[in-house]
> 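One structure, as structure tokens, below. Some questions next.
Here is the naming used below: chain letters follow the sequence lines, and residue numbers restart at 1 for every chain. Keep in mind that what you see is a predicted model, and the values were worked out from it rather than measured. Only this structure's heavy atoms are used, side chains among them; waters, hydrogens and symmetry mates stay out.
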Protein chains: 2
Amino acid sequence: MKRNSRLSSTLHILVHMAEAPDRALTSEELAGFIHTNPVVVRRTIAGLREAGIVTSSRGHGGGWQLGRAPDRISLAEISAALGETLLPFSTEPESPGCLVEQAVIAVLDDFRLEAERLLAERLSHITLADLTADFRRRYDLIGVSSHAV
Amino acid sequence: MKRNSRLSSTLHILVHMAEAPDRALTSEELAGFIHTNPVVVRRTIAGLREAGIVTSSRGHGGGWQLGRAPDRISLAEISAALGETLLPFSTEPESPGCLVEQAVIAVLDDFRLEAERLLAERLSHITLADLTADFRRRYDLIGVSSHAV
DNA sequence: CGATTCGTAACTAACTAAGTTACATGAAAC
DNA sequence: GTTTCATGTAACTTAGTTAGTTACGAATCG
């Protein structure tokens with residue numbers, strides 16, 4: 001799992017969970033999908049459990065399942081549950097009292113607030129169901145072309 | 001200079017340059033404003049020179065100046081010249097051939113494209129002149145309140 | 001009870017970016 | 001023309017972040 005790929009890795013995992021709604025997938029299995037370690041998976045998606053996006057159960061037959069239907073899970077929620085920041089730049093004061101810095105931060109924070117609102121709004125319209133639909137489209141296409149050959 | 005504060009640090013520097021249009025500021029001076037090293041400054045704003053946002057000159061009386069009027073320098077250009085990525089998440093394939101991953105990346109890349117267009121559009125409407133105006137507003141306020149006391 | 005699976009803490013390794021040193025290049029002052 | 005000042009840049013060091021790993025306790029099922 002590469003740096004900065006927590007969102008896409010998590011989505012990858014969630015699509016697999018959406019495709020196997022009848023059973024719980026173990027961290028081990030999920031880790032296999034994104035080529036990483038089970039502990040990394042548990043750590044990464046721990047926040048999703050608190051957000052109700054997934055549920056986990058222990059012991060025999062335990063593992064992870066979606067907490068609700070894929071069409072009711074938006075990318076905005078997932079991103080927020082991961083604790084991801086949509087905009088990377090920092091605006092923390094380094095010279096408190098400097099008026100130039102204050103002006104810069106004020107303008108930048110205004111922009112950030114508006115930008116985050118915009119991005120979250122757009123992400124809230126994309127659901128896990130959209131991803132599974134896209135996956136199925138690709139899957140069927142491969143199936144057809146294999147048939148043709 | 002903290003991590004991820006290259007944009008705000010650079011803006012800080014540029015406002016100082018805008019406030020001293022009659023002379024060149026040295027890397028040493030600029031570094032002082034953001035509490036860092038002259039070499040870090042030179043390295044950071046090297047891209048701005050190539051973009052024509054600033055000019056640099058060597059030797060006696062040399063240093064840095066704005067390449068054009070502050071109202072013709074937008075934050076979009078500055079951010080681009082810094083090589084900053086507005087959206088942090090990665091979408092590089094880690095399992096080429098995996099249809100789930102392909103679906104995830106396709107959706108995420110669509111979103112990114114649209115989001116970057118949106119953010120750049122907004123940043124292009126904020127100029128360095130807006131920042132200096134904000135600074136002057138704060139400066140005048142302090143002046144007045146000092147007077148009052 | 002024994003096997004399985006999550007939860008989490010603690011540690012290690014890899015990577016990134018800032019900070020630093022050093023020195024060559026160029027320009028102005030004298 | 002030599003001295004001084006400033007940028008340009010490469011190379012190295014240091015600090016901070018995050019993924020990866022190990023270890024073990026807690027919960028659950030057969």
> Salt bridge or not for A:Arg138 and A:Asp134, using N-O below 4.0 Å?
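Yes, charged N to carboxylate O under 4.0 Å.
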> Measure the distance from NE2 on B:His35 to P on C:dG19 and round it to the nearest whole Å.
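It works out to 12 Å between those atoms.
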> Rounded to whole Å, how long is the line connecting atom NE2 of B:His60 with atom C1' of C:dT25?
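It works out to 16 Å between those atoms.
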> Any donor-acceptor pair under 3.5 Å linking the side-chain atoms of A:Ser5 with those of B:Glu94?
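Looking only at side-chain atoms, A:Ser5 and B:Glu94 do form a donor-acceptor pair, the distance falling under 3.5 Å.
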> Output yes when a side-chain donor or acceptor of B:Asp140 lies under 3.5 Å from a complementary backbone atom of B:Arg137, and no otherwise.
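No, B:Asp140 side chain to B:Arg137 backbone: no donor-acceptor pair under 3.5 Å.
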> Does the side chain of B:Leu99 come within less than 4.5 Å of A:Ile142's, by heavy atoms?
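A side-chain contact exists here, since the closest heavy-atom pair is under 4.5 Å.
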> Taking C-beta and beyond as the side chain, do A:Ser90 and B:Arg3 meet within less than 4.5 Å on heavy atoms?
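Answer no - side chains too far apart.
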> Using a cut-off of strictly less than 4.0 Å between a heavy atom of the residue and any atom of DNA chain C, enumerate the qualifying residues of residues 3-10 of chain B by number.
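Residues of residues 3-10 of chain B that come under 4.0 Å of DNA chain C are, in numerical order, B:Arg3, B:Arg6.
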> Please examine the side chains of A:Phe33 and B:Val100, heavy atoms only from C-beta on, and report whether any two atoms are closer than 4.5 Å.
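Side-chain contact under 4.5 Å: no.
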> Excluding sequence neighbours, so at least two apart, what forms ring-ring contact (aromatic ring centres under 6.0 Å, His included) with A:Phe111?
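Once residues adjacent in sequence are excluded, A:Phe111 has no partner under the ring-ring contact (aromatic ring centres under 6.0 Å, His included) criterion.
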> By a strict heavy-atom criterion of less than 4.0 Å, which residues belonging to residues 11-26 of chain A are in contact with DNA chain D?
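Residues of residues 11-26 of chain A that come under 4.0 Å of DNA chain D do not exist, since none gets that close.
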> Whole Å only: how far is the CH2 atom of A:Trp64 from the P atom of C:dT5?
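Value for this atom pair: 14 Å.
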> Round to a whole Å and report the spacing from CG of B:Leu82 to P of C:dA17.
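Between P of C:dA17 and CG of B:Leu82: 13 Å.
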> By nearest nucleotide on DNA chain D, pick out whichever of A:Thr44 and A:Gly59 is the more 5' one.
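Per heavy-atom nearest nucleotide, the more 5' residue is A:Thr44.
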> Tell me whether B:Glu84 contacts the main-chain N or O of B:Ser79 through its side chain, where contact means a donor paired with an acceptor under 3.5 Å.
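Here the side-chain-to-backbone pair does not exist.
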> Between B:Gln65 and B:Thr55 (side chain of the first, backbone of the second, donor and acceptor by atom type, cut-off under 3.5 Å), is there such a pair?
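Not at all, since once roles are kept as given, no pair shorter than 3.5 Å links the two residues.
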> Taking the nucleotide of DNA chain D with the closest heavy atom to each, which residue, B:Ala46 or A:Asn37, is nearer the 5' end?
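Final value for this comparison: B:Ala46.
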> Does OP1 or OP2 of D:dT7 have a side-chain N or O of B:Ser27 closer than 4.0 Å?
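The answer is yes; a side-chain N or O of B:Ser27 sits under 4.0 Å from OP1 or OP2.
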> Please answer whether the main-chain N or O of A:Glu77 pairs with a side-chain N or O of A:Ser74 as donor and acceptor at a distance below 3.5 Å.
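Judged by distance alone, yes, a pair lies under 3.5 Å.
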> Regarding B:Arg6 and the six-membered ring of A:Phe89, is the cationic atom NZ or CZ under 6.0 Å from the ring centre and inside 45° of its axis?
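Not flagged: B:Arg6 not positioned over aromatic ring of A:Phe89.
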> Round to the nearest Å and state the distance from B:Ile34 atom CD1 to C:dG19 atom C1'.
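Roughly 12 Å, once rounded to whole Å.
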> Dump every N/O contact between nucleotides 10-13 of chain C and the protein below 3.5 Å, one line per pair.
residue : atom : partner : partner atom : Å
C:dA10  : N6   : A:Arg43 : NH1          : 3.3

> From CD1 of B:Ile45 over to C1' of D:dG8, roughly how many Å is that when rounded to an integer?
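After rounding, the reported distance stands at 12 Å.
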> What I want to check is whether the side chains of B:Arg112 and B:Thr91 have a donor and an acceptor closer together than 3.5 Å.
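Yes - a donor-acceptor pair under 3.5 Å links their side chains.
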> Give the residues of residues 51-58 of chain B touching DNA chain C, defined as any heavy atom closer than 4.0 Å, sorted by residue number.
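Listed by number, they are B:Arg58.
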> Check the distance between C:dT16's P and B:Glu84's CD and give it to me in whole angstrom.
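Rounded to whole Å, this separation is 16 Å.
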> Please tell me if B:Arg42 has a side-chain N or O lying less than 4.0 Å from either OP1 or OP2 of D:dA6.
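No.
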> Output the rounded distance in Å from NZ (A:Lys2) to P (C:dT16).
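Answer to the nearest Å: 11 Å.
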> Are B:Ile105 and B:Leu87 connected in a single hydrophobic cluster, I mean Ile/Leu/Val/Met/Phe/Trp/Tyr linked by side-chain heavy atoms less than 4.5 Å apart?
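No: no chain of side-chain contacts under 4.5 Å links B:Leu87 to B:Ile105.
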> What side-chain donor-acceptor pairs closer than 3.5 Å can you find for residues 37-47 of chain B, not counting sequence neighbours?
residue : atom : partner : partner atom : Å
B:Asn37 : OD1  : B:Val39 : N            : 2.9
B:Arg42 : NH1  : B:Ser27 : OG           : 3.4
B:Thr44 : OG1  : B:Val40 : O            : 2.6

